[in-house]
Amino acid sequence: MTTPTRDRVAAVLRHALAGAAAANGWSGTDAVPVEVEVPKDPAHGDYATSVALRLAKPLRRSPREIAAAIAAHVPREAPVASVEVAGGGFVNVRLDDAWLRAQVLEIAREADAYGRSERLAGTRIQVEFISANPTGPLTVANARGGPLGDVLANVLAFAGADVEREYYVEDRTAQVKRFGISLAVRYRQLFGERIDLPLDGYQGDYVGDIAARIKELHGGRFRDLSLEDQGAAFVPMAMDWMVADAQRVTAKLGIRFDSWFRQSSFIESGYLARTIDALRRKGVVVERDGVVFFETPEAVALRREGDEGWVLVDAAGEAKYLATDIAYHRLCLEERGVDLKLDVWGANTQYHVAQMKLVLPLLGIDAARFEVLLYQYVRFLKEGVLTRMGRRTGQFLLLEDVLDAVGADVARFFLLQRGADAPLDFDFELAVQHSNDNPVYYVQYAHARIASIFRTAAERGVAPDGGDVRLLVAPAERDLIRLCLRLPELLDEIVAHRGVHLLTVYALELAGAFHGFYRDHRVVSDDAALSKARLGLVRAVQVTLRQTLGLLGVSAPESM
RNA sequence: GCCCCCGUAGCUCAGUGGAUAGAGCGCAGGCCUCCGAAGCCUGAAGCAGCGGUUCGAGUCCGCUCGGGGGUACCA
């Protein structure tokens with residue numbers, strides 16, 4: 001349980017502003033939030049606020065005057081050592097060194113709890129991610145949402161939320177039917193029949209492999225069925241195998257889902273039909289030529305050129321994606337007790353998200369309970385050419401091949417280094433070639449080095465506990481402590497903005513600060529007292545690094 | 001055409017509206033009688049363009065030019 005230092009400072013500054021306002025008869029200071037940031041230039045202190053600059057206009061006072069008044073009302077007591085007005089009206093705060101040093105012991109004491117909070121306690125959040133079409137093996141494109149969703153789930157749980165990881169298995173779609181037909185064609189070919197894959201069939205070699213597996217298990221038992229019946233017979237088997245395969249490969253990526261929820265379950269239970277009925281009763285459904293549309297003035301307004309309407313059920317009676325997804329989300333949010341459903345989806349669902357945002361409130365579901373983290377797509381380099389991944393076309397890069405080549409740590413770290421909004425190009429050859437100088441090793445090396453320091457200390461009989469932190473007076477030591485204290489602040493930011501990739505940035509920064517410290521300062525030396533103090537500091541860094549890597553789902557090795 | 005995302009160093013990418021824009025790789029050079037050189041230090045090199053909002057813009061808004069995605073009775 002950790003209160004971010006920035007929150008403490010912000011509270012002090014808010015209080016000071018209130019005091020300054022009371023003393024000077026200012027009103028309306030509440031309208032401007034006291035935002036506290038970490039200045040880039042250490043000369044500007046540990047924390048700074050620009051609230052005086054923002055208040056200048058409404059108060060019709062100079063920023064420096066306001067800043068001075070705030071500064072005058074800040075009590076010089078821990079954690080604050082000094083306050084100064086700088087620049088055009090910044091209030092810069094410097095933390096008390098003794099307080100700062102004491103945090104070293106605090107972090108070590110908190111250990112596995114360091115960075116945790118109760119911010120989201122009592123909130124049940126479902127994070128749904130990957131959820132790839134069960135029509136083939138997972139690709140690198142599918143994988144992008146993996147670390148993103150998994151780490152987001154980690155961070156939310158760390159903040160006290162009751163988190164469940166869900167993989168939605170869409171096993172009743174038109175694509176799945178198409179996949180079944182492709183299996184049937186390959187099955188027939190195994191018996192020498194001359195038949196070609198339909199144009200919209202699945203081209204990948206794995207389709208033939210599955211057909212061969214069916215033949216091996218069942219021989220010619222299905223030979224007399226029609227193509228459609230063969231497809232229908234093969235799909236359930238194939239779905240089980242695809243899910244098992246996805247479970248195996250996501251486990252390799254270090255992800256464990258709490259549920260593998262099948263679309264067929266709520267179609268068979270009648271929940272889908274009941275949901276469509278519920279929409280009918282709301283008067284937002286119309287039928288034309290046997291096709292069931294969702295239609296409201298808002299929906300019509302959203303439509304783009306060529307958009308005939310939002311189809312719920314086609315003329316053949318097949319429910320479409322919009323319908324099943326409405327039912328699925330309603331099920332999660334209304335029946336399964338989820339407070340917030342947070343979907344991690346590819347950028348191509350952008351229009352669908354807008355549709356969902358419009359439909360769900362009509363079913364009495366607050367749109368704020370449905371949130372989507374969109375990530376841009378992955379392209380991969382095939383023989384030096386950028387290619388869009390598509391399973392149906394057979395153009396893809398298997399996630400498992402990447403994992404086998406570079407390992408889960410490297411793959412996760414790589415995928416988490418860029419923000420979800422940025423497109424991602426993946427050069428397999430380059431990834432393999434560069435895996436040895438991957439940034440993840442830089443971070444892990446820092447952790448292993450620390451472990452090594454403790455081994456050295458043990459060999460030399462230096463007990464790591466009970467050091468006097470007052471001996472930590474070097475600037476590099478102070479910087480390290482401050483950086484460790486940034487973790488809880490960063491986690492708050494990620495909870496607020498979902499930017500999980502910031503954790504990798506932070507890990508690199510902390511590792512870098514440690515490597516620099518290590519070069520200039522000997523931890524285990526002839527000076528026993530200083531050695532013990534520095535071991536305490538190094539312990540705090542180790543704890544922080546371990547917490548960060550743990551949230552990233554990347555291993556923290558003792559040696560490498 | 002319309003909608004969404006992106007354009008930062010040679011390459012891949014970070015950068016909650018703040019005070020001197022960062023990292024890795026690559027390139028040039030240097031550092032192990034001493035806790036791990038998977039490390040450290042030094043150097044060259046950058047916000048696509050034009051306007052606007054703001055005390056302050058890489059960050060927000062508009063336009064232009066590039067790149068990606070969507071625009072299905074696919075998901």
Side-chain angles (χ1 to χ4, degrees), chain A residues 35 37-41 43-44 48-50 53-54 56-57 62-63 86-90 92 131-133 135 170 173-176 178 200 291-293 302-316 318 320-322 324-325 345-354 374-377 379 386 388 392 414 417-425 427 430 434 436-439 441-442 444-446 448-457 459-460 462 489 492-493 496-497 499 501-502 504-505 508-509 511-512 515-516 518-525 531 534 538 559-560:
Chain A
E35 283 167 0
E37 62 182 36
V38 179
K40 266 181 275 186
D41 186 346
H44 296 139
T49 182
S50 59
L53 289 154
R54 298 168 204 276
K57 190 173 274 181
S62 81
F90 287 95
N92 294 341
S131 301
N133 270 328
T135 54
E170 292 177 281
T173 62
Q175 287 298 336
V176 167
R178 224 164 265 164
D200 59 2
V291 179
V292 180
F293 295 90
L302 249 189
R303 277 194 213 167
R304 284 87 55 89
E305 206 170 329
D307 196 339
E308 303 277 330
W310 298 359
V311 177
L312 293 171
V313 184
D314 69 14
E318 294 287 336
K320 296 292 149 185
Y321 180 48
L322 181 60
T324 54
D325 222 34
W345 285 349
N348 61 335
T349 59
Q350 166 235 129
Y351 186 55
H352 179 67
V353 172
L374 284 187
Y375 60 86
Q376 294 299 308
Y377 263 165
R379 299 179 302 172
L386 277 174
R388 178 81 159 72
R392 208 176 46 68
F414 176 81
Q417 262 186 287
R418 36 285 285 161
D421 280 344
L424 179 61
D425 294 336
D427 186 332
L430 209 63
H434 283 178
N436 278 328
D437 42 42
N438 191 287
Y441 293 123
Y442 182 80
Q444 291 179 318
Y445 184 60
R449 237 181 182 178
I450 291 170
S452 171
I453 291 171
F454 282 109
R455 286 193 292 269
T456 302
E459 280 166 23
R460 299 188 188 173
V462 182
E489 300 170 358
D492 271 1
E493 286 164 29
H497 304 110
H501 68 286
L502 293 176
T504 60
V505 178
L508 287 167
E509 199 180 344
H515 285 310
Y518 178 87
R519 173 180 185 260
D520 298 326
H521 303 279
R522 210 180 161 73
V523 178
V524 182
S525 67
S531 296
R534 287 191 171 152
V538 165
S559 65
M560 53 194 287

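Every chain is numbered from 1, with letters handed out A, B, ... down the list of sequences.
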So, is A:K57 close to the B:rC55 phosphate, meaning a side-chain N or O under 4.0 Å from OP1 or OP2? yes
Do the side chain of A:R54 and the base of B:rG18 come within less than 3.5 angstrom through a donor-acceptor pair of N or O atoms? yes
Listed nucleotide nearest any side-chain atom of A:D421, set B:rA19, B:rA38, B:rC6: B:rC6
Do A:F90 and A:H44 have their ring centres less than 6.0 Å from each other? no
Would you say the side chain of A:N92 and the base of B:rA19 hold a donor-acceptor pair, judged only by whether the two atoms sit under 3.5 Å apart? yes
ring centroid sep under 5.5 Å plus plane angle under 30, A:Y518 with B:rC35: yes
Give me the distance, rounded to whole Å, that separates B:rG10 from B:rC63 when you measure between the C1' atoms they each carry. 31 Å
Below the 4.0 Å mark, does B:rA37 have OP1 or OP2 next to a side-chain nitrogen or oxygen of A:R449? yes
Is the base of B:rA19 stacked against the aromatic ring of A:F90, taking ring centres under 5.5 Å apart and planes under 30° as the test? yes
5′-ward residue of the pair A:S559/A:L322 relative to RNA chain B: A:S559
Please report the distance separating the C1' of B:rG7 from the corresponding atom of B:rA14, rounded so that it comes out in whole Å. 15 Å
Does A:Q350 have any side-chain hydrogen bond (donor to acceptor under 3.5 Å, both in side chains) partners at least two apart in sequence or in another chain, and if so, which? none
Is any side-chain N or O of A:T456 closer than 4.0 Å to OP1 or OP2 of B:rC35? no
Of the listed nucleotides (B:rC35, B:rA75, B:rG39), which one gets closest to any side-chain atom of A:T173? B:rA75
Minimum-distance nucleotide to A:R522 side chain [options: B:rC35, B:rG39, B:rA19]: B:rC35
Contact class for A:E37 (heavy atom, under 4.0 Å): base, sugar-phosphate, or nothing? base
Respond yes when some side-chain nitrogen or oxygen of A:K40 is under 4.0 Å from OP1 or OP2 of B:rA21, and no when none is. no
State which of B:rG24, B:rG70, B:rC73 makes the closest approach to the side chain of A:Q350. B:rG70
First locate atom OH of A:Y321, then atom CD of A:E170, and finally report the distance between them rounded to the nearest 0.5 Å. 5.5 Å
Whole-Å distance separating the CH2 atom of A:W310 from the C1' atom of B:rA72: 14 Å
Between A:E459 (CD) and B:rC34 (C1'), how many Å, whole number? 14 Å
Walk me through it: do A:T135 and A:V176 pass the test side chain to side chain contact (heavy atoms under 4.5 Å, CB included)? CA-CA 6 Å; A:T135 54; A:V176 167; 4.1 Å; yes
Holding to side-chain hydrogen bond (donor to acceptor under 3.5 Å, both in side chains), I want the full list of residues that pass it with A:D492, two or more places apart in sequence or in another chain. A:R119
Grab the NE2-P distance between A:H515 and B:rG24 for me, whole Å please. 10 Å
For the side chain of A:Y441, starting at C-beta, report the closest nucleotide among B:rC35, B:rA38, B:rG36. B:rA38
In dot-bracket form, 5' to 3', how is RNA chain B paired? Count Watson-Crick and G-U wobble pairs only if both distances fall under 3.5 Å, and write | where the partner sits on another strand. (((((((..((((....[...)))).(((((.......)))))....(((((..]....))))))))))))....
A:N92: side-chain hydrogen bond (donor to acceptor under 3.5 Å, both in side chains) partners, not counting sequence neighbours: none
Rounding to an integer number of angstrom, what distance separates B:rG39 and B:rG26 when you compare their P atoms? 10 Å
A:S50 or A:S452: which one's nearest nucleotide on RNA chain B is closer to the 5' end? A:S50
Pairwise C1' distance, B:rC65 and B:rC25 [rounded to whole Å]: 29 Å
I'd like the P distance from B:rG36 over to B:rC27, given in whole Å. 29 Å
Syn or anti for B:rC31? Use the chi torsion, O4'-C1'-N9-C4 for purines and O4'-C1'-N1-C2 for pyrimidines, with syn inside 90° of 0. anti
What interatomic distance, in whole Å, is found between P of B:rG58 and the corresponding atom of B:rU53? 16 Å
What's the closest nucleotide to the side chain of A:H44 if the choices are B:rG36, B:rC73, B:rA19? B:rA19
Short side-chain N/O contact to B:rC74 OP1/OP2 from A:K320, under 4.0 Å: yes
Verify the contact: side-chain N or O of A:S131 to OP1 or OP2 of B:rA75, cut-off strictly under 4.0 Å; return yes or no. no
Which nucleotide sits closest to the side chain of A:H352: B:rG36, B:rC73, B:rA75? B:rA75
Would you mind classifying the nucleic acid contact of A:A448 as base, sugar-phosphate or nothing, using non-hydrogen atoms under 4.0 angstrom? base
Can you identify which nucleotide, out of B:rG36, B:rC73, B:rC74, has its nearest atom closest to the A:A174 side chain? B:rC74
A:H497, nearest nucleotide to its side chain (from B:rA19, B:rA75, B:rU16): B:rU16
Give the rounded distance in Å between these two atoms: OH of A:Y375 and C1' of B:rG68. 15 Å
Looking across every strand, which nucleic acid part, if any, lies under 4.0 Å from A:A43 by heavy atom: base, sugar-phosphate, or nothing? nothing
Here the distance between atom P of B:rC35 and atom CZ of A:R455, to the nearest Å, is 13 Å
Of all the nucleotides listed (B:rG18, B:rG69, B:rG24), which has the minimum atom distance to the side chain of A:A347? B:rG69
Just by protein heavy atoms under 4.0 Å, how would nucleotides 9-14 of chain B read 5' to 3' in B, S and -? ---SSS
For A:I450 and B:rC35, what is the distance between atoms CD1 and C1' respectively, to the nearest whole Å? 12 Å
What integer distance in Å separates A:N133:CG from B:rA72:P? 18 Å
Taking B:rA9 as the reference, what is the distance to B:rA45 when you measure between their P atoms (whole Å, please)? 14 Å
Could you label the plane-to-plane angle of the A:H352 and A:W345 rings as parallel, tilted or perpendicular, counting under 30° as parallel and over 60° as perpendicular? tilted
Whole-Å P distance, B:rG68 and B:rC73: 25 Å
Applying side-chain hydrogen bond (donor to acceptor under 3.5 Å, both in side chains), name anything that partners A:D421, two or more places apart in sequence or on another chain. none
Protein-nucleotide distance (A:E318, atom CD; B:rA72, atom C1'), rounded to Å: 16 Å
With a 4.0 Å cut-off on N to O distance, would you call A:E35 and A:R54 a salt bridge? yes
